[in-house]
Amino acid sequence: MSTMNISLPDSLKAFVDEQVRQRGYGTSSEYVRELIRRDQDRLQLRKLLLAGASSAPTAPVTETYFEGLRERVRGAGKAAGNTRSRS
């Protein structure tokens, strides 16, 4: 793991220290890593939303579509259950 040092004004350092204490992080590094991961997730979601918004329109989703989706999920669940019971 690499090391990165950052400089913070006293008010931000106090805020980070408080978050570490209140939220149960072991160190300020754990807190900062969590913030970075959340930012990565946010950027990925934004990328997916923009890709979806710029994609071609599709047919409207109907109750039939959702019922078919439910059936596929049920079938996958049953297949997974059968695989587990054979082990």
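Heads up: numbering here begins at 1 and tracks the sequence.
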With sequence neighbours excluded, tell me which residues meet side chain to side chain contact (heavy atoms under 4.5 Å, CB included) with Asp41.
none
Return each pair, listed once, that meets salt bridge (Lys or Arg N to Asp or Glu O under 4.0 Å) where at least one residue sits in residues 1-22; pairs must be two or more places apart or across chains.
Lys13-Asp17, Glu18-Arg21
Residues which pass side chain to side chain donor-acceptor pair (under 3.5 Å) with Glu30, listed by chain and number, not counting sequence neighbours
none
Any heavy-atom pair between the side chains of Gln19 and Glu34 that's under 4.5 Å?
no
Qualifying residues under side chain to side chain donor-acceptor pair (under 3.5 Å), relative to Arg72, sequence neighbours excluded
none
Reported OG-to-CG distance for the pair Ser7 and Leu12, which is rounded to 0.5 angstrom
11.5 Å
Could you pull out all residues at least two apart from Arg46 that satisfy salt bridge (Lys or Arg N to Asp or Glu O under 4.0 Å)?
none
With sequence neighbours left out, the residues meeting side chain to side chain contact (heavy atoms under 4.5 Å, CB included) with Ile6 are Met4, Leu8
Please give the remaining members of the hydrophobic cluster of Val73, linking ILVMFWY side chains under 4.5 Å, ordered by chain and number.
none
Can you list every ring pair (Phe, Tyr, Trp, His ring centres under 6.0 Å) pair that touches residues 4-28, not counting sequence neighbours?
Tyr25-Tyr31
Shortest non-hydrogen contact from Val20 to Ser28?
CG2-CA, 3.6 Å
Identify all side-chain donor-acceptor contacts of residues 53-67 below 3.5 Å with residues at least two apart in sequence or on another chain.
residue : atom : partner : partner atom : Å
Ser54   : OG   : Leu50   : O            : 3.1
Ser54   : OG   : Ala51   : O            : 3.2
Ser55   : OG   : Gly52   : O            : 2.7
Thr62   : OG1  : Thr64   : N            : 3.3
Thr62   : OG1  : Tyr65   : N            : 3.4
Glu63   : OE2  : Arg70   : NH1          : 3.1
Glu67   : OE1  : Arg70   : NH1          : 3.3
Glu67   : OE2  : Arg74   : NH1          : 3.3

Linking directly or through intermediates, with side-chain heavy atoms under 4.5 Å: list the remaining ILVMFWY members grouped with Leu49, chain and number order.
Leu45
